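Each remark here refers to the structure printed beneath this line.
Positions are given from 1, in the same order as the sequence printed here. Computed from a predicted structure; not experimentally measured.
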Amino acid sequence: MAQSKIYFRDNFFSSGMTEIYNGDKERVGSLDLKSAFTSRVEVLDKGNNVIVKGHFPLLTFGWVITDGNDNELGKLRQRISFFTKRYEYEARGRGVYKIHSEAFSKEYEVTNEADEKVVEFRRLSGFFESPVYQLVNNSDKISNEEAIAIVMGVNMITKRNNNSAAR
């Protein structure tokens, strides 16, 4: 698969629609952040068709990713780690992917079971504004839409952890 760069933004309160662009600044879809309270996202194509969804099921800590018809594509979970940020994405029927980043880094790598880097993403900004993400997808098993849902899942798990720690 040819490498593709995608750019998208989270909203300040994680709700509302944002645009998804490719490296040529062409709109390729939208991201619908359903609500700051329900932590759900939908990734839509250019025709506003829901391609992928992500959400936290009730009473669980994992982020579930489904297709537009609610068929499960995979589950994202945080893994306990000191000094690094680690997650695991179990892609239904397509293997287990490891997602990791250094402790204070805004760059993440997604590796397959052969330890090959297949996706990478980074947070480009976000101190006083909504974060912008750059996604580079080299995978032939994970679509751009699914990769966006993974990024948003990592983002939502991080927000959930930060909110819990603040209490």
Side-chain angles (χ1 to χ4, degrees), residues 1 4 6-11 14-15 18 20 29-44 50-124 126 130-165:
M1 176 180 196
S4 60
I6 303 292
Y7 298 88
F8 55 97
R9 175 185 306 271
D10 186 4
N11 278 341
S14 293
S15 65
T18 64
I20 302 169
S30 301
L31 184 61
D32 187 356
L33 304 160
K34 292 307 219 176
S35 161
F37 305 108
T38 61
S39 300
R40 293 182 326 136
V41 300
E42 292 180 350
V43 183
L44 296 83
V50 176
I51 305 299
V52 173
K53 302 176 186 179
H55 71 283
F56 288 117
L58 281 173
L59 306 172
T60 65
F61 291 101
W63 177 258
V64 174
I65 297 174
T66 63
D67 66 14
N69 297 316
D70 294 323
N71 299 307
E72 187 175 300
L73 297 174
K75 290 182 184 173
L76 176 69
R77 294 181 187 91
Q78 185 174 20
R79 293 294 175 217
I80 302 300
S81 176
F82 299 103
F83 308 116
T84 60
K85 296 175 269 187
R86 293 196 182 278
Y87 302 84
E88 184 176 273
Y89 181 64
E90 185 178 340
R92 188 164 250 212
R94 296 170 287 143
V96 177
Y97 296 84
K98 292 184 179 12
I99 302 162
H100 62 278
S101 176
E102 296 303 317
F104 299 105
S105 176
K106 295 178 182 179
E107 298 180 17
Y108 292 79
E109 289 186 353
V110 180
T111 55
N112 62 16
E113 291 172 326
D115 207 30
E116 301 164 325
K117 182 169 52 172
V118 293
V119 175
E120 59 186 302
F121 61 95
R122 69 184 65 187
R123 186 174 168 168
L124 298 177
S130 299
V132 173
Y133 293 95
Q134 177 190 58
L135 169 74
V136 178
N137 186 0
N138 295 309
S139 175
D140 56 356
K141 294 185 179 179
I142 297 177
S143 69
N144 287 337
E145 294 84 4
E146 186 176 7
I148 290 169
I150 291 169
V151 173
M152 293 310 297
V154 167
N155 183 40
M156 294 295 187
I157 290 171
T158 301
K159 283 182 180 183
R160 184 182 261 190
N161 291 345
N162 291 344
N163 288 340
S164 294

Side chain to side chain contact (heavy atoms under 4.5 Å, CB included) between Lys98 and Arg86, worked out: CA-CA 7 Å; Lys98 292 184 179 12; Arg86 293 196 182 278; 5.8 Å; no
Measuring from atom [atom1] of [X] to atom [atom2] of [Y], what distance do you get when rounded to the nearest 0.5 angstrom?
X      : Y      : atom1 : atom2 : result
Glu107 : His100 : CD    : NE2   : 11.0 Å
Leu76  : Glu88  : CG    : CD    : 9.5 Å
Gln134 : Leu124 : CD    : CG    : 5.5 Å
Gln78  : Ile99  : CD    : CD1   : 11.0 Å
Arg92  : Ile65  : CZ    : CD1   : 13.0 Å
Arg40  : His55  : CZ    : NE2   : 8.0 Å

Do [X] and [Y] come close enough that some side-chain heavy atom pair is under 4.5 Å?
X     : Y      : result
Ile20 : Ile6   : yes
Tyr97 : Ile150 : no
Phe8  : Val151 : yes
Val50 : Leu44  : yes

Side chain to side chain contact (heavy atoms under 4.5 Å, CB included) assessment of Val110 paired with Tyr87: CA-CA 9 Å; Val110 180; Tyr87 302 84; over 6 Å; no
Considering all heavy atoms of both residues, which atom of [X] and which atom of [Y] are nearest to each other, and what is their separation?
X      : Y      : answer
Ala147 : Val119 : CB-CG1, 4.4 Å
Arg9   : Thr18  : O-OG1, 3.0 Å
Gly62  : Pro57  : O-CD, 3.4 Å
Asp115 : Thr111 : OD1-OG1, 3.8 Å

Stepwise side chain to side chain contact (heavy atoms under 4.5 Å, CB included) check, Val41 with Leu33: CA-CA 5 Å; Val41 300; Leu33 304 160; 3.3 Å; yes
So, [X] side chain and [Y] main chain: donor-acceptor pair closer than 3.5 Å or not?
X      : Y      : answer
Asn112 : Ala114 : yes
Ser139 : Lys141 : yes
Lys85  : Ser105 : yes
Trp63  : Ala149 : yes
Asn137 : Ile142 : yes

Aromatic ring pairing Tyr108/Phe121, orientation class (parallel under 30°, perpendicular over 60°, tilted between):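 Parallel.
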Qualifying residue, where the test is salt bridge (Lys or Arg N to Asp or Glu O under 4.0 Å) with Glu90 and the options are Lys75, Arg79, Arg77: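 It is Arg77; the other options fail the test.
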Residue among Glu72, Glu146, Glu113 satisfying salt bridge (Lys or Arg N to Asp or Glu O under 4.0 Å) with Arg94: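 The salt bridge (Lys or Arg N to Asp or Glu O under 4.0 Å) with Arg94 is passed solely by Glu146 among Glu72, Glu146, Glu113.
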Check against side chain to side chain contact (heavy atoms under 4.5 Å, CB included), Val43 and Leu31: CA-CA 5 Å; Val43 183; Leu31 184 61; 3.9 Å; yes
All pairs passing ring-ring contact (aromatic ring centres under 6.0 Å, His included) where residues 141-160 contributes a residue, at least two apart: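 Output for this query is empty, none listed.
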